[in-house]
Amino acid sequence: MDIVSRMMMPLVRRLDPEDAHRLALNALLLGLGGGDGSGGDDPALAVRAMGLRFANPIGIAAGFDKNALVVRPLARAGFGFVEAGTVTPRPQAGNPRPRLFRLEEDRAIINRMGFNNQGIDRFAVRMARLHRVAPSGRHAGARVPVGANLGINKIGADPDRDYPLLVGRVKHYADYIVINLSSPNTPGLRDLQNAARLQTLLQAIAEAHPDRPPLLVKLSPDLAPDEIGPIVEAAIAGGAQGLTVTNTTISRPADLHSVHAGESGGLSGRPLRARAMEVFREVARAASGRLTLVACGGVETGADIVDRVRAGADLIQLYSAFAYEGPSILRRLKRETVRALNAEGFETLADAKGTAR
């Protein structure tokens, strides 16, 4: 199956990006994502975070499986955890097409999808099915930690009402929850990252759901340096257990080559790597070990993974690199990560964590 998925990728990249994404979801539903073929992950890659065990630290970021359609196939493909969403209270179509662009020369993606999704009702039903026990008595779950990424609708949103509502709908089915306050494609959403506003929002969630699973906040790479410390303190004071760093950026590096470089929306992939790493280091310094940290943005090699872990990351997420390479990237990344660890004198990721602070 891994061979089939590799053979499909050149065809997928010839399609319109959004059509290719839909085809990829259908292929995963048909079982064409295969498995990583490793027969089990190297113990050196095992991670414990948020009270959960991860066989490897590599997760799929929110945005790929907005509607929780392919959680199990993604787990079988070799991800150490799967994050579904972003899901909103009500279904919404998102922004007009075209809204997804490949910047192939730059190994990047620009999206202005606008939280297109089927809404929390259908999402919650699919998440609940992951906990169903088959007639044989075997558990039907994903067998890896599963996160739910939550957002608000473009029209009629009330964050203090909507985020607690969403948490309540998924808290029995998700191993962790992420509130997305950093997509650049929903007007006003990033204003919720303001430290005082964030603390108020988190306290509303905590009061409504004191028994919820671990809660994380996903941050923007476009934060100013003087905003980061107060945001970290607000997250801790509000009862969050972690931060995801970072979402896509509205900035555009001067050295982009693609004809799509001027499209509006969030930029992800290789050009985001340096900025995402810079913001991550600032967040890690401010958090000082008090929060679980998930690193995302421009990760495409095992060396990238080890660099993020050494900077303080507990877990790593992919999006653009997975879109370009497909499931076969996972075997490569795991092999490269072990090699990079050994090259730097570490036996395990746990040994490497935080050593570059």
Side-chain angles (χ1 to χ4, degrees), residues 1-2 5-6 33-62 64-65 71-84 141-147 175-176 178 214 216 241-245 273 276-277 280 284 289 291-357:
M1 288 295 188
D2 195 41
S5 69
R6 284 201 302 269
D36 70 357
S38 65
D41 291 327
D42 190 312
L45 300 177
V47 171
R48 286 194 176 274
M50 301 182 288
L52 303 168
R53 184 187 182 279
F54 301 78
N56 73 75
I58 308 168
I60 182 71
F64 183 83
D65 187 12
V71 171
R72 278 192 286 260
L74 287 167
R76 286 195 296 268
F79 280 107
F81 64 109
V82 176
E83 189 170 308
R143 300 187 189 176
V144 301
V146 177
D175 295 298
Y176 70 94
V178 181
L216 291 81
Q241 282 70 45
L243 299 169
T244 300
V245 189
R273 178 196 293 154
M277 188 65 171
F280 183 86
L291 294 166
T292 293
L293 299 180
V294 182
C296 187
V299 175
E300 56 183 354
T301 69
D304 291 335
I305 291 172
V306 173
D307 285 348
R308 306 292 173 105
V309 170
R310 293 196 65 199
D314 296 278
L315 300 164
I316 310 296
Q317 286 184 324
L318 306 180
Y319 184 83
S320 297
F322 182 70
Y324 274 99
E325 293 191 39
S328 63
I329 193 175
L330 292 166
R331 188 188 301 184
R332 173 176 70 79
L333 287 178
K334 292 173 188 180
R335 183 174 61 248
E336 289 179 356
T337 300
V338 173
R339 189 180 302 142
L341 281 172
N342 294 338
E344 298 194 38
F346 302 110
E347 292 187 10
T348 68
L349 282 173
D351 296 334
K353 185 188 170 187
T355 56
R357 288 184 194 166

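Since the model is a prediction, treat every value here as computed from it, not as a measurement.
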Do [X] and [Y] come close enough that some side-chain heavy atom pair is under 4.5 Å?
X      : Y      : result
Leu349 : Leu45  : yes
Val144 : Phe79  : no
Lys334 : Ile58  : yes
Leu318 : Leu333 : yes
Asp314 : Lys353 : yes
Glu344 : Thr355 : no
Leu74  : Phe64  : yes
Val294 : Glu83  : no

With sequence neighbours left out, what residues match Arg332 under side chain to side chain donor-acceptor pair (under 3.5 Å)?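 Glu325, Glu336.
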
Does Glu300 have any side chain to side chain donor-acceptor pair (under 3.5 Å) partners at least two apart in sequence or in another chain, and if so, which? Arg107, Arg270, Arg273

Interatomic distance, CZ@Arg308 vs CG@Leu315, rounded to 0.5 Å, equals 13.0 Å

Under 3.5 Å, side chain of Asn56 to main-chain N/O of Gly80, donor-acceptor pair present? yes

Under a 3.5 Å distance rule, please check whether Asn342 uses its side chain to pair with a backbone N or O of Arg339 as donor and acceptor. no

Atom of [X], atom of [Y] and distance for their closest heavy-atom approach:
X      : Y      : value
Ala49  : Phe54  : O-CE1, 3.5 Å
Asp175 : Pro214 : O-CD, 3.4 Å
Asp307 : Met277 : O-CE, 3.5 Å
Ala356 : Ala311 : CB-N, 4.3 Å
Ala340 : Val306 : CB-CG2, 3.7 Å
Ala295 : Ala313 : CB-CB, 3.9 Å

Set out, in order, the CA-CA distance, both residues' side-chain angles and the distance that settles side-chain contact (heavy atoms from CB on, under 4.5 Å) for Gln241 and Tyr176, then state yes or no. CA-CA 9 Å; Gln241 282 70 45; Tyr176 70 94; over 6 Å; no

